[in-house]
K.L.:
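Dropping the structure in here first, questions after.
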Amino acid sequence: MPNNPHSFFLLIALFFGTLLVFFTPPFQSPDEHNHFFRAWQISEGKFFPEKTKENRLGGVLPESLIRLQQRFGYLKNNYNARVSWAQIRQELGTPLEPDRRIFIDFPNTAIYAPPAYLPQAFGIACMRALNAPALWTVYAGRLCNLLVWTWLVWSALRLLPFLRWGMAALALLPSSMAIAASLNPDVLVNGLCFWLVAFFVADTAREERLTKTGRAAAALAVIAMNKIVFAPFVLLEFLGWKRHSLSDYRTRLRGALLLGAVATGLASWAPLAKNLFIPYEHYHPAYRDAVTLNEGVDPDAQMQWMKEHPAAFTDIVLYAYLRSAPSTTAHMLGKFGWEKNYLPTWMLGLLGLAPALLLCAETIPWNWRQRGIALLTVAACLLLFSVTMYALWHPVGAPELSNLQGRYFFPVLPLLFMALANGALHRFKTHILTFTTSALILGNIVMLSEVYLRYWQAL
């Protein structure tokens, strides 16, 4: 068994993550091509998307980018399609031609705030400086995203006073690794959320509670700007509050700083994103069917419908979570790509058993108030997620809430773990850790094998 969780995490994350960066064909992570276009735009210093008079949203980018995306588009939803190494070698030698530019539509990612794309944009900018072919920029962006995420989680593990193996196990689940090795902006948000949990948990044991507060405020601002659903992480500030905390000016100052960071994050991008959003019905008819927009979606009208029908919306949400629980759990444990690419059932079983046993082996010095705050934070995040998903993805008054993909819930898993850890099997912790680390290594090996079988031609 490894000596410490942060060293184990670093070794496994870098090894399997790097393999996934180059092993997964281009644009085979959810919406990766649209994230690529947005990251490229930001790499050129253009933080705001372009909205045309003809109601198109995206940006003017090199034409070779859309050609690259089209050459790998055949893989999506075609389980018989494969890519060859010869095809990859050819694309790695195809010139970028940066001066030949066209307008490219990516309305669903154009409304995302820039900060979560900075790691990918940095990698792309480095390759652009070398005038590298477009495919090299995809791999560079993925690799930078992985490295930033790895550093954030590694830092969190070193900061945590307890439950370090539990957080390492959650981060190393194959589904988590598959997302971390992509261009998805959720990668940075996931890493920041893990670090924030570690910061607030470690902070509860300190008498001086202003240490690293500035970093926590910056993290909260970035999270709120990019993923409003995780703004309730500011509630974790109450984990360390004592009976007379409000009478302490330092506590009030710190709380004001953290709340101000969340408010700043929300105010800095949310109004602009709202103004940029173009419903399917208003989008340019010649392009709307080729982009990620759903018919009948109107966020303002949907929000009004939810206000007028709170009971109906509650029923829709509860039913959705109950109905999707098996697939959501499987997605969190071992899924990759756009389609229903799950690891074998036996492997999902092992990956589900490992953290469940670890949950019963870990003990934490939390009282019921602190556990309640963790659960309240999770509940608030899930509520906000349900509201935003229903508003931005579904027609007004839709009878069901869909698209509850497990990857959306990675940031709240450490909080659930901490709220439910009970130590019932603590005397078997050494054996459980051996089983858990073995299951995680095996799971990531199987993930690489399944990625190869799904996408690659046999040599």
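We count residues from 1, following the sequence as given.
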K.L.:
Under 4.0 Å between a side-chain nitrogen and a carboxylate oxygen: does that hold for Asp105 and Arg288?
P.N.:
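No, Asp105 and Arg288 are not salt-bridged.
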
K.L.:
Is it true that Lys76 and Glu339 have a side-chain N and a carboxylate O under 4.0 angstrom from each other?
P.N.:
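No, Lys76 and Glu339 are not salt-bridged.
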
K.L.:
Are Thr150 and Phe9 packed together at the side-chain level, in the sense that at least one heavy-atom pair is separated by less than 4.5 angstrom?
P.N.:
yes

K.L.:
Run the ring-centre check on Tyr342 versus Phe336 and record whether the distance is less than 6.0 Å.
P.N.:
no

K.L.:
Determine whether more than 12 heavy atoms belonging to other residues, nucleotides or ligands lie under 6.0 Å from atom CH2 of Trp305.
P.N.:
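Result for CH2/Trp305: enclosed.
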
K.L.:
Identify the two heavy atoms, one from Gly141 and one from Leu183, that lie closest to each other, and give their separation to 0.1 Å.
P.N.:
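Smallest heavy-atom distance, with atoms named: C-CD2, 3.4 Å.
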
K.L.:
Would you say the side-chain atoms of Ser175 pair up with the backbone N or O of Lys335, donor to acceptor, closer than 3.5 Å?
P.N.:
yes

K.L.:
Would you compute the distance between atom CG of Leu358 and atom CD1 of Ile432 and round it to the nearest 0.5 angstrom?
P.N.:
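That separation rounds to 7.0 Å.
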
K.L.:
Hey, are Glu63 and Arg67 close enough for a salt bridge, meaning a charged N less than 4.0 Å from a carboxylate O?
P.N.:
yes

K.L.:
Does the side chain of Tyr452 come within less than 4.5 Å of Thr24's, by heavy atoms?
P.N.:
no

K.L.:
Looking at CZ of Arg89 and CD of Glu91, how far apart are the two atoms once the value is rounded to the nearest 0.5 Å?
P.N.:
12.5 Å

K.L.:
Indicate whether any N or O donor in one side chain lies under 3.5 Å from an N or O acceptor in the other, for Ser402 and His394.
P.N.:
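Note: Ser402 and His394 side chains meet the donor-acceptor criterion.
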
K.L.:
A side-chain contact here means heavy atoms from C-beta on lying under 4.5 Å apart; do Leu322 and Tyr319 qualify?
P.N.:
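With C-beta onward as the side chain, the pair stays apart.
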
K.L.:
Tell me the closest heavy-atom pair linking Ala198 and Ala156, and the distance in Å.
P.N.:
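What the structure gives for the nearest pair is CB-O, 3.4 Å.
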
K.L.:
Quick one: closest heavy-atom pair of Val187 and Ile179, and the distance?
P.N.:
CG2-O, 3.1 Å

K.L.:
Is it the case that the side chains of Tyr280 and Asp289 hold a donor-acceptor pair, with the cut-off being a distance below 3.5 Å and no angle test?
P.N.:
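A donor-acceptor contact under 3.5 Å links the two side chains.
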
K.L.:
In terms of side-chain geometry, is the basic nitrogen of Arg56 or Glu54 positioned less than 4.0 Å from the acidic oxygen of its partner?
P.N.:
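Salt bridge between Arg56 and Glu54, a charged N being under 4.0 Å from a carboxylate O: no.
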
K.L.:
So among Ile316, Leu401, Thr314, Leu318, which one has a side-chain contact (heavy atoms from CB on, under 4.5 Å) with Ser386?
P.N.:
Leu401

K.L.:
Can you tell me if CZ on Phe48 sees more than 12 non-hydrogen neighbours from other groups inside 6.0 Å?
P.N.:
no

K.L.:
Determine whether Glu32 and Pro26 make a side-chain contact, defined as any pair of heavy atoms from C-beta on separated by less than 4.5 Å.
P.N.:
no

K.L.:
Evaluate whether atom CH2 of Trp269 has more than 12 neighbouring non-hydrogen atoms of other residues, nucleotides or ligands under 6.0 angstrom away.
P.N.:
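Count over threshold, so yes.
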
K.L.:
Crowded around Arg215 CZ? As in, over 12 foreign heavy atoms under 6.0 Å?
P.N.:
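No, not enclosed.
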
K.L.:
Which heavy-atom pair separates Leu163 from Ala421 by the least distance, and what is that distance?
P.N.:
CD1-CB, 4.2 Å

K.L.:
Any sub-3.5 Å donor-acceptor pair from Thr436's side-chain atoms to Leu433's backbone N or O?
P.N.:
no

K.L.:
Indicate yes or no: at least one non-hydrogen side-chain atom of Leu415 is less than 4.5 angstrom from one of Val197.
P.N.:
yes

K.L.:
Strictly by modelled atom types, are Thr328 and Tyr321 linked by a side-chain donor-acceptor pair under 3.5 Å?
P.N.:
no

K.L.:
Assign the ring pair Phe385 / Phe409 to parallel, tilted or perpendicular, where the plane angle (0 to 90°) is split at 30° and 60°.
P.N.:
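It falls in the perpendicular class, over 60°.
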
K.L.:
May I ask you to check whether Asp31 and Asn184 show a side-chain donor-acceptor distance below 3.5 Å?
P.N.:
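No.
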
K.L.:
Checking Thr94 side chain against Gln90 main chain: does a donor-acceptor pair fall under 3.5 Å?
P.N.:
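Here the side-chain-to-backbone pair exists.
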
K.L.:
Quick check for you: to the nearest 0.5 Å, what is the distance between Leu333 atom CG and Leu351 atom CG?
P.N.:
6.0 Å

K.L.:
Of all heavy-atom pairs between Leu196 and Ala219, which one has the smallest distance, and what is that distance?
P.N.:
CG-CB, 4.0 Å

K.L.:
When you measure from the side chain of Trp393 to the backbone N and O of Val297, does any donor-acceptor pair fall under 3.5 Å?
P.N.:
no

K.L.:
Could you grab the distance from atom CG of Leu258 to atom CG of Leu236, nearest 0.5 Å is fine?
P.N.:
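Atom-to-atom, Leu258:CG and Leu236:CG are 10.0 Å apart.
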
K.L.:
When you measure from the side chain of Arg164 to the backbone of Leu157, do you find a donor-acceptor pair of N or O atoms at a distance under 3.5 Å?
P.N.:
yes

K.L.:
Please check this pair: side chain of Ser327 against backbone of Ser324, looking for a donor-acceptor N/O pair closer than 3.5 Å.
P.N.:
yes

K.L.:
Can you name the one residue among Val291, Ile278, Asn55 that meets side-chain contact (heavy atoms from CB on, under 4.5 Å) with Pro107?
P.N.:
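Testing Pro107 for a side-chain contact (heavy atoms from CB on, under 4.5 Å) against Val291, Ile278, Asn55 leaves exactly one candidate, Val291.
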
K.L.:
How many angstroms lie between CG in Leu14 and CG in Leu146, if you round to the nearest 0.5 Å?
P.N.:
6.5 Å

K.L.:
Within this structure, what is the CG-CG distance for the pair Leu75 and Asn78, rounded to the nearest 0.5 Å?
P.N.:
7.5 Å

K.L.:
Under a 4.5 Å cut-off applied to non-hydrogen side-chain atoms, are Arg38 and Pro114 in contact?
P.N.:
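Yes, side chains in contact.
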
K.L.:
Take Tyr287 and His284 through the ring-ring contact (aromatic ring centres under 6.0 Å, His included) test and state the conclusion after the steps.
P.N.:
CA-CA 6 Å; Tyr287 300 95; His284 194 301; 5.0 Å; yes

K.L.:
Tell me, do Val148 and Phe122 make a side-chain contact under 4.5 Å, heavy atoms counted?
P.N.:
no

K.L.:
Quick one: does Arg100's side chain have a donor or acceptor within less than 3.5 Å of a partner on Ser64's backbone?
P.N.:
no

K.L.:
Ignoring hydrogens, what is the shortest heavy-atom contact between Val222 and Pro115? Give both atom names and the distance.
P.N.:
CG1-CB, 4.0 Å

K.L.:
When you measure from the side chain of Gln41 to the backbone of Phe47, do you find a donor-acceptor pair of N or O atoms at a distance under 3.5 Å?
P.N.:
no

K.L.:
Okay, side chain of Glu281, backbone of Gly296: is any donor-acceptor separation there less than 3.5 Å?
P.N.:
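At least one qualifying donor-acceptor pair exists.
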
K.L.:
Assess whether side-chain contact (heavy atoms from CB on, under 4.5 Å) is satisfied between Tyr112 and Ile42, documenting all intermediate values.
P.N.:
CA-CA 11 Å; Tyr112 283 29; Ile42 292 169; over 6 Å; no

K.L.:
For Phe8 and Trp165, run ring-ring contact (aromatic ring centres under 6.0 Å, His included): C-alpha distance rounded to whole Å, both residues' side-chain angles, the deciding distance at 0.1 Å, then the answer.
P.N.:
CA-CA 9 Å; Phe8 175 73; Trp165 279 109; 5.8 Å; yes

K.L.:
Are any non-hydrogen side-chain atoms of Met447 and Met177 less than 4.5 angstrom apart?
P.N.:
no

K.L.:
Taking Ser29's backbone N and O only, do any of them form a donor-acceptor pair with Trp338's side chain (distance below 3.5 Å, no angle check)?
P.N.:
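Yes, because the side chain of Trp338 sits within donor-acceptor range (under 3.5 Å) of the backbone of Ser29.
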
K.L.:
Under the side-chain contact (heavy atoms from CB on, under 4.5 Å) rule, what do Phe106 and Leu57 come out as? Steps first, then yes or no, please.
P.N.:
CA-CA 6 Å; Phe106 45 99; Leu57 188 61; over 6 Å; no

